[in-house]
Amino acid sequence: GIGLMELVLWLRSVPLLLSRVQSECITCHLCFVFWRSFAFVKKLPPLIMSVALVLSVGQARADFDGGVAAFELSDFVSALREFRLSAIQGDARAQYMLGLMHAGGHGMLADHIEAMRWFRRAAKQGHAKSQFELGVMHQRGLEPSGSSPRVVDDPVTGVGVAPAPNHQRLGISYAEAARWYSLAANQGLVEAQYNLGLMYASGGGVPEDYVRAYVWWTVAKRHGNEQAATKLKILEPLMSRKDIVDAESRADEWWKQHP
């Protein structure tokens, strides 16, 4: 059968078709009566679109739930189909799942370029986990968060992450990484808060800023991140008491603004 959007488009075209009938067959009494009897169709598009919007949201939710069920059963072919149906209707959750599937090669060859495309679509809608994944991919160069990056210990802070090998890089930009991390961090995503602290503590692609690093690790610690708590202990001896008080004050202010 025809899909919901095809039905909506067809119904929207009815007034135009009837208008042509009227203009071309105005002398035909039968056609004229037909036109007059269906004049109410002109009033339908707004109602049709309202109903279609409600139905499409419900259908997108059903497609997403079906995709999750299939994914959990490792039925990646069905999951891909269901997520795609939901994603093209604008469901950010489904777009994120498509990004994960393409990045991880679930049911297909891994394609980080396609993964980045789906993550970006979801991230632009404010999906925090997709914003985080984009941050990771820009920082490392196509390696999503599920991969195992090479860790490089900074001689001062003991933190740092090596970027991906040159042949795997695409769109690597530390400024972009920091931007996407910030968006996700301000939505309360602890992984983004922790990574943002890493960037500022090590000066990895952004100006080194121990105060900002302390702020984000303090926020992440309050969210229960034990790694952030460990990093704070490393960072504290490198900071003045004044800077620590300033950072704690900023962290307190963040919590007030993000209850």
Quick one: do W180 and F132 satisfy side-chain contact (heavy atoms from CB on, under 4.5 Å)? Show the steps, please. CA-CA 6 Å; W180 288 115; F132 171 73; over 6 Å; no
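- No single ILVMFWY cluster, assembled from side-chain heavy atoms under 4.5 Å apart, contains both Y181 and V190.
- Put simply, V77 and M108 are part of two different groups of oily side chains (I, L, V, M, F, W, Y) that touch within less than 4.5 Å, one to the next.
- G99 approaches A115 most closely through the heavy-atom pair O-CB, 3.3 Å.
- Residues F83 and F64 place their aromatic rings such that the two centres sit under 6.0 Å apart.
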Between H106 and L100, does a side-chain contact (heavy atoms from CB on, under 4.5 Å) hold up when you go through it step by step? CA-CA 8 Å; H106 297 295; L100 288 183; 5.6 Å; no
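- L80 and M116 end up in the same hydrophobic cluster when Ile, Leu, Val, Met, Phe, Trp and Tyr side chains are linked at under 4.5 Å.
- Side chain to side chain, Q193 and H223 meet the donor-acceptor criterion of an N or O pair below 3.5 Å.
- Taken to the nearest 0.5 Å, the CG atom of L196 stands 9.5 Å off from the CD atom of Q139.
- Counted by atom type alone, N195 and W216 present zero donor-acceptor pairs between their side chains at under 3.5 Å.
- Across all non-hydrogen atoms, the minimal contact from A220 to A228 is CB-CB, 3.7 Å.
- S182 places a side-chain N or O within donor-acceptor distance of the main-chain N or O of A178, the cut-off being under 3.5 Å.
- More than 12 heavy-atom neighbours from other residues, nucleotides or ligands sit within 6.0 angstrom of CG on L73.
- A salt bridge links E176 to R179: at least one charged side-chain nitrogen sits closer than 4.0 Å to a carboxylate oxygen.
- Salt bridge present: R250 and D246 bring a charged side-chain N and a carboxylate O closer than 4.0 Å.
- Checked by atom type and distance alone, the side chain of Q187 pairs as donor or acceptor with a backbone atom of G126 at under 3.5 Å.
- In this structure, CD on Q95 lies 10.5 Å from CD1 on I88, to the nearest 0.5 angstrom.
- Under the 3.5 Å distance criterion, the side-chain polar atoms of E133 are left unmatched by any main-chain donor or acceptor of K129.
- Electrostatic pairing of R93 and D63 does not count as a salt bridge here, judged by no charged N lying under 4.0 Å from a carboxylate O.
- Smallest separation of non-hydrogen atoms from Y200 and P207: CD2-O, 3.8 Å.
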W217 and K233: CA distance, side-chain angles, deciding distance, side-chain contact (heavy atoms from CB on, under 4.5 Å) verdict: CA-CA 10 Å; W217 280 341; K233 293 178 181 178; over 6 Å; no
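- When hydrophobic clusters are built by joining Ile, Leu, Val, Met, Phe, Trp and Tyr residues whose side-chain heavy atoms come closer than 4.5 Å, directly or via intermediates, L238 is grouped together with I244.
- Clustering ILVMFWY residues whenever any of their side-chain heavy atoms sit less than 4.5 angstrom apart, transitively, puts W254 in the very cluster that holds L189.
- Atom NZ of K221 sits about 14.0 Å away from atom OH of Y194, to the nearest 0.5 Å.
- Between F71 and F76, the closest side-chain pair of non-hydrogen atoms falls below 4.5 Å.
- Atom CD of Q257 has more than 12 heavy atoms from other residues, nucleotides or ligands within 6.0 Å.
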